[in-house]
Amino acid sequence: MCSKVLQPSSLVVVFETFLSSAATTVDEEKGNPLWQPCADFFITCILSCLPWGGADLIEQVPEEIERVMVGVEAYLSIRRHTSDAGLSFFENDDEIKRGPSDKDFLEDLWDKIQVLSSNGWKVESVPRPHLSFEAQLVAGKSHEFGPISCPILPSPPSVPSGISNGKQKHEAELKYPQRIHRLNIFPPGKTEDLQPIDRFVVEEYLLDVLMFFNGSRKECASFMVGLPVPFRYEFLMAETIFSQLLMLPEPPCKPIYYTLVIIDLCKALPGAFPAVVAGAVRALFEKIADLDMECRERLILWFSHHLSNFQFIWPWEEWAFVLDLPKWAPQRVFVQEVLEREVRLSYWDKVKQSIENAPSLEELLPPKGGPKLNFGAEDGNENNEHVLSGELNNLIKGKAPVREIISWIDENVFPDNGLEVTLRVVVQTLLNIGSKSFTHLITVLERYGQVIAKVCPDEDKQVMLLAEVSSFWKSNTQMTAIAIDRMMGYRLVSNLAILRWVFSAENIEQFHTSDRPWEILRNAISKTHNRISDLRKEILSLQKNISSAEEAAKGAKSELDAAELKLALVDGEPVLGENPIRLNRLKLRAEKAKEEVISLQESLEAKKALIARAIDENEALFILLYKSFSNVLTERLPRGSEARTLRELKTAQVDVMAVDTEEDEPSSMELDNENQRPENRQPNGGRRSSAYNVGEKEQWCITTLGYVKAFSRQYAAEIWPHIEKLDAEVLTEDAPPLLRSAVYSGLRRPINDV
């Protein structure tokens, strides 16, 4: 376009097509405003082109571009201001009431384009390599962009309601997500030299490189460090990558991809980027109490993996102060979970060695012990259980068949000892045999899963089974999660049993101090969701295969019919039908094609029955999940509290559980220039104040509500089809307002419905 390779007028036609479609979409009479995300996407496409081609367009087709600019301004005047509620990185951001001056992403981009226009469309960050070949390009042939057509959007719900509108709005946001949600980690001073439009251009460069090289981490890092801009952008690069890694409801690429890119960038820019990453970690750590629970979990997984690639080197002495905080303080829990994940990626002694500069942090390391057989406390029972365990162990070593083991349990164990002892002996003995490695565990579950299924045939007994697994692997969170996940995979425990066990009294007490119960609950819900997703993919594949098979069967039948009607000479006489040998071959082919169609149709019917059952199970799972959340929150929310936001709950002090403070801590994330450390630290890495003034009950409620919101957001597509039942049975007027607020926020449902 710059050198007439592309006709500017044809690009203007594309812009006007986008404008027309966007304006129609947000028109309440002619369009469907619920699909405003689609309209915003079209306008974003227009505005995103202007930093690269605005100067040439203004020079070549000034009136047309002015008309487009007026059209964009008119669209912005009739569209609704969008909110990031439910998708904010920090919990407090969702609760802050935005004023008229606060702008959403599209409004902010429009302001940048207006500033660019007033500055004569000069952008330092956009290279112009075509100038060296302008003479040849101008002399060449010009090309038309070609017409485009915008997709036809669904009609508004025939019976408008909060639920029907919410479902369609959710569908629109899933199909047209905002490309970036900015995470402002560093203070403005780190990027203040950049012009607003330069920040946008560099972000676009970085996002394009990340998307294009998805899966090729080394090439991605190589291009990211060599962007064609005349200024340094390490801080902006870190913010952009972290904004993608922590983006809600899910990152555009797999989190491991961003982890590997950051590692390669640290190696490519050893003198600059590691310090920037360290500064980002310190800044996020300072605000960890306000960070969304899902973002917090991703940050823990990323940070532990990142350190494992750099010999676990980190100045842990800076964070030694967390030991002075209560056990439920988010900063203390963050350090504890990072160390636990590091042990999974290495081994206990190695991680202990890495914190030698802060040896007191050993208190936060997970227990070093391995599995533990837990038999009865009384001497007689203990001896009896050990004897039974030894007999079962001998049967397994002797490779006794499963049927024989089940008979031994029915005849020698259960009648004399009852269910509890039988379950404990069977489960802990099998787990002990499979405790040497993951492979041993899987082998035991494959070979002797029927024994466990015989002892634990219903949901109540499966809850007892899970308690035994947790007791056996009490010192190893990873093996507990793996064992339960494998048991669910082999259908030895149901998702409902896992949910009931997670909300048992013992686990509820850990909700705010450990990720152990949440990891197991996430795995169970994710596995249920993945089963449905896999079934949907299989159904789509079968439907395509059926269409192909029907076409093949139709072709075979036509060929057979034509052959049967064809006249052939046999012994000099005309006979109806082709050569018998070929005719038989065609008949066999037609029959085989017909059988293939019938077989595929039967498979499709079976898959549809499975997915119908899976969807019913999914509905029961989410109803029970939210009922469980409602019950525990009703019991534990502070009595008489009228808090309707987390901010109000944090300030509703019942007890002061923290150490006395000498002075108030500033909330700034300002970093000094030399080592990227927060300014409110002492030179030796200590803190001037280590108080955390949120009580234990309040922190328990804050953490639990954070997970309510995270689950609602992550599985919104599965929850919306059941929202009527959820409203009727759980989210009633009697439900805690904070619970309803968390669910609505996760679903991006208007909060005024609460």
Side-chain angles (χ1 to χ4, degrees), residues 293-294 297 371 419-420 423-424 426-428 430-431 434 438 441-442 444-446 449-474 476-512 514-535 613-633 703-704 707-708 710-712 714-715 718-719 722 726 730:
M293 293 305 302
E294 190 174 343
E297 175 62 21
L419 172 64
E420 187 174 344
L423 191 147
R424 181 160 56 244
V426 171
V427 172
Q428 298 220 14
L430 291 176
L431 288 176
F438 299 153
L441 174 64
I442 292 171
V444 166
L445 293 177
E446 285 179 348
Q450 294 177 40
V451 178
I452 297 176
K454 173 67 177 177
V455 178
C456 307
D458 56 49
E459 199 174 294
D460 290 336
K461 295 181 181 64
Q462 289 171 11
V463 173
M464 296 172 64
L465 164 63
L466 294 168
E468 291 299 329
V469 174
S470 177
S471 174
F472 182 81
W473 287 111
K474 188 173 183 179
N476 193 320
T477 300
Q478 183 181 22
M479 283 304 300
T480 303
I482 289 173
I484 293 175
D485 182 74
R486 290 293 83 207
M487 286 181 173
M488 184 178 173
Y490 290 121
R491 304 279 184 173
L492 301 178
V493 294
S494 68
N495 50 16
L496 296 179
I498 294 174
L499 197 155
R500 283 180 54 189
W501 174 77
V502 167
F503 282 89
S504 62
E506 179 184 358
N507 288 319
I508 288 174
E509 296 299 328
Q510 303 179 50
F511 276 10
H512 60 316
S514 172
D515 189 54
R516 184 185 181 104
W518 298 118
E519 179 182 4
I520 293 167
L521 181 59
R522 281 195 302 269
N523 289 346
I525 297 176
S526 176
K527 208 171 195 69
T528 304
H529 174 261
N530 290 341
R531 282 176 183 169
I532 295 176
S533 299
D534 291 343
L535 283 170
R613 177 184 169 189
I615 289 173
D616 289 341
E617 291 177 354
N618 201 43
E619 179 184 18
L621 176 67
F622 281 112
I623 295 296
L624 180 59
L625 174 66
Y626 285 106
K627 281 183 178 178
S628 301
F629 274 129
S630 180
N631 292 337
V632 296
L633 284 165
T703 301
T704 305
Y707 278 108
V708 171
F711 284 125
S712 303
Q714 186 173 0
Y715 299 103
E718 302 299 327
I719 294 171
H722 313 300
L726 192 63
V730 183

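At a threshold of 4.5 Å between non-hydrogen side-chain atoms, the residues Glu468 and Leu431 do not count as touching. A 4.5 Å side-chain heavy-atom check between Val463 and Val493 finds every atom pair outside the cut-off. The shortest distance between side-chain heavy atoms of Ile484 and Asn523 does not fall below 4.5 Å. Here the side chains of Phe711 and Arg522 are in contact, with some heavy-atom distance below 4.5 Å. Considering only heavy atoms from C-beta on, Cys456 stays 4.5 Å or farther from Leu492 through its side chain. The closest side-chain heavy-atom distance from Arg531 to Asn618 is not below 4.5 Å. Using a 4.5 Å cut-off on side-chain heavy atoms (C-beta onward), Thr528 and Glu617 make no contact.
Using a 4.0 Å cut-off between charged side-chain N and carboxylate O, Arg613 and Asp616 make no salt bridge.
More than 12 heavy-atom neighbours from other residues, nucleotides or ligands sit within 6.0 angstrom of CD on Glu446. Shown here is Glu718, whose CD atom has more than 12 heavy atoms of other residues, nucleotides or ligands within 6.0 Å. The 12-atom threshold is exceeded at CD of Glu459, counting heavy atoms of other residues, nucleotides or ligands nearer than 6.0 Å.
Rounding to the nearest 0.5 Å places CG of Asn495 at 9.0 Å from CD1 of Ile525. Between the CG atom of Leu430 and the CG atom of Leu445 there is a distance of 8.0 Å, given to the nearest 0.5 Å. The CD1 atom of Ile623 lies 11.0 Å from the OG atom of Ser628; values are rounded to the nearest 0.5 Å. Between the CD1 atom of Ile719 and the OG atom of Ser712 there is a distance of 5.0 Å, given to the nearest 0.5 Å. Interatomic distance, CD1 of Ile498 versus CD1 of Ile520, reported as 8.0 Å (0.5 Å rounding). The CG atom of Leu466 sits 12.5 Å away from atom OG of Ser471, with the distance rounded to the nearest 0.5 Å.
At distances below 3.5 Å, at least one donor-acceptor pair connects side-chain atoms of Asp458 with backbone N or O atoms of Lys461. At distances below 3.5 Å, at least one donor-acceptor pair connects side-chain atoms of Gln462 with backbone N or O atoms of Ser494. A donor-acceptor pair is defined here as one N or O able to donate and one able to accept, closer than 3.5 Å; such a pair exists between the side chain of Asn507 and the backbone of Trp501. Not a single donor-acceptor pair under 3.5 Å links the side chain of Thr477 to the backbone N or O of Arg516. With hydrogens and angles disregarded, no donor-acceptor distance shorter than 3.5 Å links the side chain of Ser504 to the backbone of Arg500.
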side-chain contact (heavy atoms from CB on, under 4.5 Å) between Ile508 and Thr704, intermediate numbers included = CA-CA 10 Å; Ile508 288 174; Thr704 305; over 6 Å; no

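Ala483 approaches Val469 most closely through the heavy-atom pair CB-CG1, 3.9 Å. Of all heavy-atom pairs spanning Ala481 and Glu519, the tightest one is CB-OE2, 3.8 Å. Closest non-hydrogen pair, Leu726 versus Phe622, comes out as CD1-O, 4.4 Å.
Taking the six-membered ring for Trp, His529 and Tyr715 have ring centres closer than 6.0 Å.
Every residue two or more places apart in sequence or in another chain that forms a ring-ring contact (aromatic ring centres under 6.0 Å, His included) with Phe629 is listed here: Phe503. Legend: residues meeting salt bridge (Lys or Arg N to Asp or Glu O under 4.0 Å) with Arg486, ordered by chain and number and at least two apart, are absent.
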